[in-house]
Engineer: 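Submitted below is the structure of interest, expressed as structure tokens.
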Amino acid sequence: MSAEIESILHENRVFKPSKEFSRTARVRSMRAYRDMMKKAEADYPGFWGDLARTHLEWEKPFSRVLNDSNPPFFKWFEDGLINVSVNCLDRHLTTPRKNKAAIVWEGEPGDVRTLTYQELAYEVGRFSNVLKESGVVKGDRVIVYMPMVPELPVALLACARIGATHSVVFGGFSAEALKDRILDAGAKILITADGGWRRGQTVPLKEMADEALKGCPQVSHVVVLKRTGQAVAMQTGRDVWWHDAVQGKSPKCAPVPVEPEHPLFILYTSGSTGKPKGVVHSSGGYLLGATMTMQWVFDIQDHDTFWCTADIGWVTGHSYVVYGPLSNGATSVMYEGAPTTPHAGRLWEIVEKHSVNIFYTAPTAIRALVKLGDEWPQKFDLSSLRILGTVGEPINPEAWMWYYKTIGGERCPIVDTWWQTETGMHMISPLPGATPIKPGSATLAVPGIFADVVDAEGNSLGPDKGGYLVVKRPWPSMIRTVHGDPERYKKTYWGEFGGRYYFAGDGARKDKDGYFWIMGRVDDVINVAGHRLGTMEVESALVSHPAVAEAAVVGCPDDLKGEGIFAFVILKGGEKSGNAALVATLRDHVAKEIGPIAKPDHIKFTDGLPKTRSGKIMRRLLRDIAAGRETKGDISTLEDSKTLESLRHEE
Ligand code: 7RM
């Protein structure tokens, strides 16, 4: 790995939590936060062990917290026994939460369903018996390819109940991507639906599943939920309708206690090239991470209605639509459809309708909502909101300020949460009642997490020096392995810094207050005349110009400087192109904001950017366009291939 990354962005605004907010928060002050950190520093297994005993229910208590005798294959709570569905359901049924809403669901067409903890437990029991009768036993992998409907968490919790390992494949993935994941997981059963609603249309899930299954002869059972009512082919002997399968099934199903290290799920992430990686998560440690961060970061309280807009096909949906909220006995809102269907205020309408208190979404969604104009949020009553969150990418200070003012009414702390599929839980984030927040910074590591910014040799870097973001000690909800490929796990995440630190590819700096500023993936760093620049900072500078809605920056070949800066820019108000004068203005603007070194050499105006289905800009593809190259490698995660083509062809 090469040298440090230069940091050029500076942001000075600070917002402290209000006294009123802190008074009732779970973590009320920086002092309380530091005390937790001190405890973890002195004895981190002890720190996590106490939490595990206090906040989870064990079928058999563990006697030892951490087994680190074979790094990086760490084992947590090894000799205990636990069942995740018991923690998310049964333990609430003997409390006043029994008839509390567990899931408040809204379909895209406007249908609403609410499932109490008791009702959810009932459905999970019945579906667990369906799985059992289909021959699913502990350790089997179950693929779930469904729309965002309540039966999706039902399916996951039913797997957890009988010790099966689920692998959710996002409903937007193609048949090909689905097939690869079924084969890699070695699954014999698939849970799907006829279709789901998206932008007023139906997504043909069963049809795509059938296509995928042509290449998966080992799949002997397919359960199909009727959601849209569209016509589908059912293969006799293999396919059954969900409603037929649960008919007459007992709601009682004894939970199977599993070892805490038993894999709860596999979730595939697209590696930057080649074969998708099956990230394996544990049962006990994973659940502890999701449970605690739900309390620390979202300050979840019994009266809260919590809404994470992520699809359950992503880790964010696993941890913060399903496991974190349900383990805490919270109310989790789920929405099936697109954020702008049937109108651009749909999200705000749902916030008003269900009186949402905590709202969690991605910067890409926020920037899209900024573009739609303030009149949409202004039409709805957003006064129930008390905490806002973001995840997935660095949020540029402009979008942050809009979110803070227009959505949060300058009243709601924003928790900018840095984490990854591999980390299972939030790693760096403000605690809303304690941490003073700075727009664009994920602030500080959550309790029990030892994050740092280091140089290529693994030495800690001083303030404002950009380098590699690492985690120095294991944590309970960390990735355990890559499914079927432990060597890949070891090499990808522990292959640098002599195997001492976890590194998953991000660059960052810490400021003088120790706050982390994520600079983006180190693969995206641009080397301009020997200066290594993070793309995020140049993008932020561009977006701070009033004409710009969104920007993506990549390196391009430059004979003189080695690498030049190529910026793709989306203008506000839907104009498709800017003129030469605007190009000059934007270049000067960047020079003024961060310095002449970061001045883009090329600016291309566009009305779309290639993104993954979870909203991350695929800079790899933009680099090919900037260099005039053909695109090689995996584009299965691309949201809309048309964007790529139009970027290539418009000039
Ligand atoms: C949860 C999730 C992980 C990558 C990660 C970063 C980027 C995520 C933030 C962020 C800046 C954030 N899982 N990332 N959160 N960058 N600030 N708050 O997104 O596996 O899909 O992606 O996302 O690069 O490594 S993920």
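Counting starts at 1 for both ligands and their atoms, following the listed order. Keep in mind it's a predicted model, so treat the numbers as computed, not measured. One is the number of the first residue; the rest follow in order along the sequence.
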Engineer: Pick from Lys611, Glu550, Glu393: which one makes a side chain to side chain donor-acceptor pair (under 3.5 Å) with Thr364?
Structural biologist: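 Exactly one pass, corresponding to Lys611.
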Engineer: How far is atom 26 (S) of ligand 1 from its nearest protein heavy atom, and which residue and atom is that?
Structural biologist: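 Looking only at protein heavy atoms, the one closest to atom 26 (S) of ligand 1 is Thr421 OG1, 3.5 Å.
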Engineer: Among Phe450, Tyr493, Phe497, which residue meets the ring-ring contact (aromatic ring centres under 6.0 Å, His included) test with Tyr502?
Structural biologist: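 The ring-ring contact (aromatic ring centres under 6.0 Å, His included) with Tyr502 is passed solely by Tyr493 among Phe450, Tyr493, Phe497.
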Engineer: For Val391 and ligand 1, answer yes if some heavy atom of the residue is under 4.0 Å from a ligand atom, otherwise no.
Structural biologist: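 It does; at least one heavy atom falls under 4.0 Å.
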Engineer: For a salt bridge (Lys or Arg N to Asp or Glu O under 4.0 Å) with Asp524, tell me which candidate from Arg623, Arg532, Lys616 qualifies.
Structural biologist: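 With Asp524 as partner, Arg623, Arg532, Lys616 yield a single salt bridge (Lys or Arg N to Asp or Glu O under 4.0 Å), made by Arg623.
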Engineer: Record the part of Ile428 in heavy-atom contact with ligand 1 below 4.0 Å; permitted values are side chain, backbone, both and neither.
Structural biologist: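 It is neither; nothing of Ile428 touches ligand 1.
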Engineer: So which heavy atom in the protein is nearest atom 3 (C) of ligand 1, and how far is it from that ligand atom?
Structural biologist: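 Of every protein heavy atom, Trp419 O, 3.6 Å lies nearest to atom 3 (C) of ligand 1.
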Engineer: Which heavy atom of Val543 sits nearest to which heavy atom of Ala551, and what is that distance?
Structural biologist: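 Answer, listing the atom of Val543 first, then Ala551: CG2-N, 3.9 Å.
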Engineer: Give yes or no for whether the N/O distance cutoff of 3.5 Å, strictly under, is met between Asp506 and ligand 1.
Structural biologist: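 Looking only at distances, the answer is yes, because the N/O contact criterion of under 3.5 Å is met.
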Engineer: Any heavy atom of Lys616 closer to ligand 1 than 4.0 angstrom?
Structural biologist: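 The answer is yes: ligand 1 sits under 4.0 Å from a heavy atom of Lys616.
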Engineer: Could you find the nearest protein heavy atom to atom 11 (C) of ligand 1 and give me its residue, atom name and distance?
Structural biologist: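 Protein heavy atom at minimum distance: Pro394 N, 3.0 Å.
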Engineer: Pick, from Gly392, Gly520, Gly389, Gly317, the option with the minimum heavy-atom distance to atom 8 (C) of ligand 1.
Structural biologist: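 When every heavy atom of Gly392, Gly520, Gly389, Gly317 is considered, Gly392 comes closest to atom 8 (C) of ligand 1.
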Engineer: Please work out, at 4.0 Å between heavy atoms, whether the side chain, the backbone, both, or neither of Gln420 comes within that distance of ligand 1.
Structural biologist: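 Under 4.0 Å from ligand 1, Gln420 contributes backbone and side-chain atoms.
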